[in-house]
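Being a predicted model, the structure only gives us computed values, none of them experimental.
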Amino acid sequence: MSTSETDSKSPETLLGIAFQSSILSSRLDGYVLSKHGISSTPWLLMSMIAEAESKSVRPMVVAKRLGISRQAISQAYKRLGEDGLVEIETAENKNVTLRLTPEGEQKLADVTAEMAQYSEEFLEKRGNINLAWVGGTLRALQRTIPEEAAAEA
């Protein structure tokens, strides 16, 4: 194995890749979301609703999973409800369940499509990037962090 191959797999290099990936993702998300008039917390909430098997979620479960305060999630879902993007159901026991409305599903699809478009354009301009290696590297890095530590962050 050559020195450059060894250096490219060093912990410092892997952490650098993870950091740069996070910055790129954050900037792209912020740019696209702002164009669609939505911020990151509501976007994450909408994404989690869409990804849930039942297509519904309880806000406090989302808050815990994302490490976001209950207040931030509450503000996000109330705003999404006002905007007609989320249906809010409150049971007799006061448990809240959220579902995307058709408008919310369309907004999510539009934003996701635009993010994918920017990603494709980036890859076309940058040429051949070994995304399988980058993705595998990021997954391997994630596995090195104990779940307890990730939950506390």
Report task. Under the side-chain contact (heavy atoms from CB on, under 4.5 Å) rule, collect the residues that match up with Ser74, sequence neighbours excluded. Result -> Tyr77, Lys78
Query - Partner set under side-chain hydrogen bond (donor to acceptor under 3.5 Å, both in side chains) for Arg58, not counting sequence neighbours - result: Asn95
Report task. Tell me, with the steps shown, if Ile68 and Leu44 meet side-chain contact (heavy atoms from CB on, under 4.5 Å). Result -> CA-CA 10 Å; Ile68 296 173; Leu44 289 170; 4.3 Å; yes
Query raised in the report: So which pairs with a foot in residues 18-42 pass salt bridge (Lys or Arg N to Asp or Glu O under 4.0 Å), sequence neighbours left out?
Result: Lys35-Glu114
Query raised in the report: Regarding Thr41 and Ser39, is there a side-chain donor-to-acceptor distance under 3.5 Å anywhere?
Result: no
Query raised in the report: Would a hydrophobic clustering, with Ile, Leu, Val, Met, Phe, Trp and Tyr connected at side-chain separations under 4.5 Å, put Ile88 with Leu85?
Result: yes
Query raised in the report: Between Met46 and Val111, is any pair of side-chain heavy atoms under 4.5 Å apart?
Result: no
Query - Spatial distance of atom CG (Leu33) from atom NZ (Lys107) [nearest 0.5 Å] - result: 9.5 Å
Query raised in the report: Residues two or more places apart in sequence or in another chain: which of them pass side-chain contact (heavy atoms from CB on, under 4.5 Å) with Arg65?
Result: Met48
Report summary line: Residue set satisfying side-chain hydrogen bond (donor to acceptor under 3.5 Å, both in side chains) with Thr90, at least two apart, ordered chain then number -> none
Query - Residues in side-chain hydrogen bond (donor to acceptor under 3.5 Å, both in side chains) contact with Thr97, at least two apart in sequence or another chain - result: none
Report task. Please examine the side chains of Met60 and Val96, heavy atoms only from C-beta on, and report whether any two atoms are closer than 4.5 Å. Result -> no
Query raised in the report: How would you list, by chain and number, every residue that makes a salt bridge (Lys or Arg N to Asp or Glu O under 4.0 Å) with Glu89, sequence neighbours excluded?
Result: Arg99
Query raised in the report: Does any non-hydrogen side-chain atom of Leu80 lie less than 4.5 Å from one of Ile38?
Result: yes
Query raised in the report: What residue pairs, at least two apart or across chains, pass ring-ring contact (aromatic ring centres under 6.0 Å, His included) with a residue in residues 22-76?
Result: Tyr31-Tyr118
Query raised in the report: To the nearest 0.5 Å, what is the distance between CG (Asp83) and CD (Glu103)?
Result: 11.0 Å
Query raised in the report: Excluding sequence neighbours, so at least two apart, what forms side-chain contact (heavy atoms from CB on, under 4.5 Å) with Gln71?
Result: Ser69, Gln75
Query raised in the report: Does the side chain of Arg79 come within less than 4.5 Å of Glu82's, by heavy atoms?
Result: yes
Report task. Return the minimal non-hydrogen interatomic distance between Thr101 and Glu87, and the atom names on each side. Result -> CG2-N, 3.8 Å
Query raised in the report: Leu108 and Ser47: which non-hydrogen atoms are nearest, and at how many Å?
Result: CD1-OG, 3.8 Å
Report summary line: So salt bridge (Lys or Arg N to Asp or Glu O under 4.0 Å) across residues 36-55, not counting sequence neighbours, yields none
Query raised in the report: Looking only at heavy atoms, what is the nearest atom pair of Leu45 and Ile73, with distance?
Result: CD2-O, 4.4 Å
Report task. Applying side-chain hydrogen bond (donor to acceptor under 3.5 Å, both in side chains), name anything that partners Arg70, two or more places apart in sequence or on another chain. Result -> none
